[in-house]
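To start, the structure itself, in structure tokens.
Note that ligands are numbered from 1 as they come in the structure, with each ligand's atoms numbered from 1 the same way.
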Amino acid sequence: MHLATLLLALTGSSIQLCAGYVAHAPLDGSQCTKTTVAILGGGMAGVSAAQALANASIADFVILEYRDTLGGRVWHTDFGTDPKGDPYTIELGANWVQGLGSSSAENPVWGLAKKYQLQNTVSDYDSILTYNETGYTDYSHIFDTYSAARETASKHAGRILNENLQDMTARSGLALAGWKPHRDDMAAQAVEWWNWDWESSFSPETSSFVFGVAGENLTFNQFGDQNNLVIDTRGYSAIIEGESATFLRPNDPRLWLNTQATKIEYSANGVVVRNADGSCVSAAYAICTFSVGVLQNEVVEFAPALPEWKQTAIEKFSMGTYTKIFMQFNVTFWPEDTQYFLYASPTTRGYYPVFQSLSTEGFLPGSNILFVTVVESQAYRAERQSNEQTKREILDVLRQMFPDKHVPEPIAFTYPRWSTEPWAYGSYSNWPQGTTLEMHQNLRANVDRLWFAGEATSAQHFGFLHGAWFEGRETGEHVAALLRDECAELDGVELCGGRMHYDILHGTTPIDAYTALNGWPVNSTSVQA
Ligand SMILES: Cc1cc2nc3c(=O)[nH]c(=O)nc-3n(C[C@H](O)[C@H](O)[C@H](O)COP(=O)(O)OP(=O)(O)OC[C@H]3O[C@@H](n4cnc5c(N)ncnc54)[C@H](O)[C@@H]3O)c2cc1C
Ligand SMILES: *[C@@H]1O[C@H](CO)[C@@H](O)[C@H](O)[C@H]1NC(C)=O
Ligand SMILES: *[C@@H]1O[C@H](CO)[C@@H](O)[C@H](O)[C@H]1NC(C)=O
Ligand SMILES: *[C@@H]1O[C@H](CO)[C@@H](O)[C@H](O)[C@H]1NC(C)=O
Ligand SMILES: *[C@@H]1O[C@H](CO)[C@@H](O)[C@H](O)[C@H]1NC(C)=O
Ligand SMILES: *[C@@H]1O[C@H](CO)[C@@H](O)[C@H](O)[C@H]1NC(C)=O
């Protein structure tokens, strides 16, 4: 073999060995719009990141948003008609402010709800009647059985976290605390769905015990257990639009609506974002706020491909689907002063289980609007089938629940298809079992100049709107500090350089890693209910 050939072969093989880590060709963004920070997505996280930048006097940013409006998964629509012939406003996505807070720890979303005088009403979870296929039947005592076990389970989860023991499924954790509903005890299954699946959009089998409980503690013990349902004619997104107006002028050229990013090129020196319409942005940093659903569906190409630790984190986290199906009738045939109606299907767990009345005082009285929520496999099924098919199934259920009433055809009927929305691919994330804080940190961590934020990157408030707000703020402040060559200081914690990530994951996370640097600023076991 000639020396030259040998050298070539050696060089060739060394490139092979480094596949994936090959020095990327320098980014060519010379034809693109230049900016300091590209914010990808105009939901709650994107807007709070932009506001944090603006607060830090960094005004040179661009927000790229797929849709024709800000708000993302906070999304309302017109529905039905009121007595004057005008439509009602319903929330297809986020609907509650969850945990309002006290003076010591306020949910930032509650602060915004007050600032914009968002109309809302407290959800009364005791205002519930229980049903099965024979009609009204009182199995409400099962709620107390579940609650007692849940309290024991909660302490156990706290011990597992603090003693750095192995996580388990919420199913195992609940069973060890004595909650073991039989597969054919459909009333108990309905009560369990109401308590677990409804919030996490996944079953106890597919949820982390430790982080499921810690997440509930951090929202409902820290901010209080009140949930207020938003019923504002401007839509819940009025708080996001309102905050955006604190730093965007009308028709601000920094807001690019109707812009679908399709390729993100990143390096240690900058980021170039290419869009479906041929436009592109070249930035010093980018903050990607796309949902885990969007990231998992590989509809946006990353160049170079994301490193294995990041790709693993994206595939390991879970994206749920939570579908609210809305009906308006010409009459309120259900008890007018009750908020919730729980249905236990005789055969299928999670089959149209929770009906919610908007016709009740404090919501949209006189509207005759009722909606039912499904999650996971029942949501996928409903989202695949026609409105007509779903309507028939629900009317059958309602006729079982109210055998003595005339249940008419609805006069309006609609529901979103979250699982296939190309800008969301699902509703919100959930923490799967056996997933450590370090693995979650890999979902948050930046890759070179490309940063990530959103509800799913929130270790403490994943799934919630306030999680998206906190993560947007943290990321905006962090990037602003890097641009000034400084460390950020947020709630008394110094954030310097890039975020940590873990190339090698272990079975558990060491206790001294439960810090703000891994997204864990508050001790979940010492927040008091
Ligand atoms: C049905 C449902 C019910 C919910 N209920 C509640 C609730 O009651 N209370 C609560 O606190 N939370 C609730 N949530 C969760 C809450 O809505 C989310 O946590 C929050 O809105 C997420 O904000 P985000 O900024 O992280 O993501 P998003 O809102 O998804 O923002 C990301 C943005 O990126 C855009 N985007 C995506 N792909 C691209 C692309 N290729 N190019 C450009 N832009 C793109 C999207 O259009 C979107 O605007 C609910 C969510 C759903 C769907
Ligand atoms: C920006 O500053 C305003 C005014 O102090 C504050 O209300 C807001 O919460 C800040 N935004 C973020 C994301 O930190
Ligand atoms: C949740 O809060 C309860 C009550 O304060 C506590 O006993 C438990 O340890 C906490 N669990 C976790 C996982 O944070
Ligand atoms: C439904 O409730 C009725 C009345 O309480 C009861 O007789 C029946 O067994 C219940 N159905 C199921 C499937 O448990
Ligand atoms: C509602 O519509 C049904 C037909 O679907 C009709 O029989 C009934 O009288 C109507 N009720 C009211 C209150 O208008
Ligand atoms: C949380 O606080 C408890 C009690 O003060 C302590 O024992 C535990 O180690 C702390 N947990 C973490 C994760 O810091």
Side-chain angles (χ1 to χ4, degrees), residues 39 44-58 106-112 114-116 130-142 150-165 167-168 170 173 177 181-191 208-222 225 239-240 242-244 246-247 287 342-349 351 400-401 403 431 437 453 459-460 466 468-480 488-491 514 520 522-529:
I39 297 164
M44 181 55 108
V47 168
S48 81
Q51 191 180 49
L53 289 171
N55 283 1
S57 304
I58 292 167
E106 183 172 85
N107 180 338
V109 173
W110 180 239
L112 295 176
K114 287 187 292 186
K115 178 174 176 185
Y116 294 97
T130 53
Y131 297 79
N132 78 2
E133 78 286 357
T134 67
Y136 171 75
T137 169
D138 186 0
Y139 49 83
S140 58
H141 62 278
I142 307 176
R150 174 56 200 245
E151 209 177 306
T152 306
S154 188
K155 293 199 187 84
H156 181 205
R159 209 162 59 240
I160 294 176
L161 192 155
N162 283 336
E163 292 174 16
N164 191 22
L165 306 176
D167 192 11
M168 58 180 78
H182 289 142
R183 288 283 171 191
D184 64 349
D185 183 348
M186 299 316 277
Q189 295 291 340
V191 167
S208 160
F209 179 46
V210 170
F211 292 94
V213 171
E216 281 222 12
N217 279 0
L218 289 161
T219 284
F220 298 113
N221 289 357
Q222 190 175 194
D225 59 9
I239 62 172
I240 299 177
E243 286 299 275
S244 74
T246 65
F247 57 85
I287 299 173
L342 183 65
Y343 169 71
S345 155
T347 57
T348 310
R349 185 181 182 281
Y351 189 80
Q400 291 169 24
M401 291 168 69
W431 198 301
L437 183 64
Q460 300 208 311
H466 47 278
W469 186 89
F470 279 118
E471 285 296 289
R473 179 184 65 154
E474 204 266 16
T475 310
E477 297 212 354
H478 212 141
V479 168
E489 205 199 296
L490 191 61
D491 298 334
Y514 281 84
W520 201 263
V522 178
N523 184 325
S524 68
T525 58
S526 57
V527 290
Q528 287 310 315

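In summary, the side chains of Ser524 and Asn217 do not present any donor paired with an acceptor at a separation below 3.5 Å, with no hydrogens or angles considered.
Nearest to atom 1 (C) of ligand 4 among the protein's heavy atoms is Asn132 ND2, 1.4 Å. Closest to atom 9 (O) of ligand 3 among all protein heavy atoms lies Gly158 CA, 3.3 Å. Closest to atom 2 (O) of ligand 2, if we only count protein heavy atoms, is Asn55 ND2, 2.3 Å.
Against a heavy-atom cut-off of under 4.0 Å, Ser48 is close to the following atoms of ligand 2: 13 (C). Near Thr134, the atoms of ligand 4 lying under 4.0 angstrom from a non-hydrogen atom of the residue are 1 (C), 2 (O), 3 (C), 4 (C).
For atom 14 (O) of ligand 2, a protein heavy-atom neighbour is found at a distance under 4.0 Å. Distance remark: protein heavy atom present below 4.0 angstrom from atom 11 (N) of ligand 4. Within a 4.0 Å radius of atom 4 (C) of ligand 2, the protein contributes no non-hydrogen atoms. Distances from atom 7 (O) of ligand 2 to the protein include no heavy-atom value under 4.0 Å.
The distance from atom CG of Leu218 to atom NE2 of His466, rounded to the nearest 0.5 Å, is 9.0 Å.
Residue Thr525 touches ligand 3 through backbone and side chain together, judged by heavy-atom distances below 4.0 Å.
Using a 4.5 Å heavy-atom cutoff, the side chains of Asn132 and Met186 are not in contact. In this structure, Val47 and Phe247 have side chains that are in contact, with non-hydrogen atoms separated by less than 4.5 Å. When side chains are defined from C-beta on, Met44 counts as touching Ile239, because their heavy atoms get closer than 4.5 Å.
Using a distance-only test at 3.5 Å, with no hydrogens or angles considered, no donor-acceptor pair links the side chain of Tyr343 to the main chain of Met401.
Within 6.0 Å of CD on Glu151 lie no more than 12 heavy atoms contributed by other residues, nucleotides or ligands.
When only interatomic distances are considered, the shortest N/O to N/O separation between Asn217 and ligand 3 falls below 3.5 Å. Considering backbone and side-chain atoms together, Ser154 places an N or O closer than 3.5 Å to an N or O of ligand 3.
The shortest separation from a heavy atom of Val527 to ligand 3 is under 4.0 Å, placing the residue in contact.
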Do Glu243 and Ser48 pass the side-chain hydrogen bond (donor to acceptor under 3.5 Å, both in side chains) test, and can you show the C-alpha distance, the side-chain angles, and the key distance before you say yes or no?
CA-CA 8 Å; Glu243 286 299 275; Ser48 81; over 6 Å; no
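Between Trp431 and Phe211, the ring planes lie parallel to each other; the angle is under 30°, not in the 30° to 60° tilted range.
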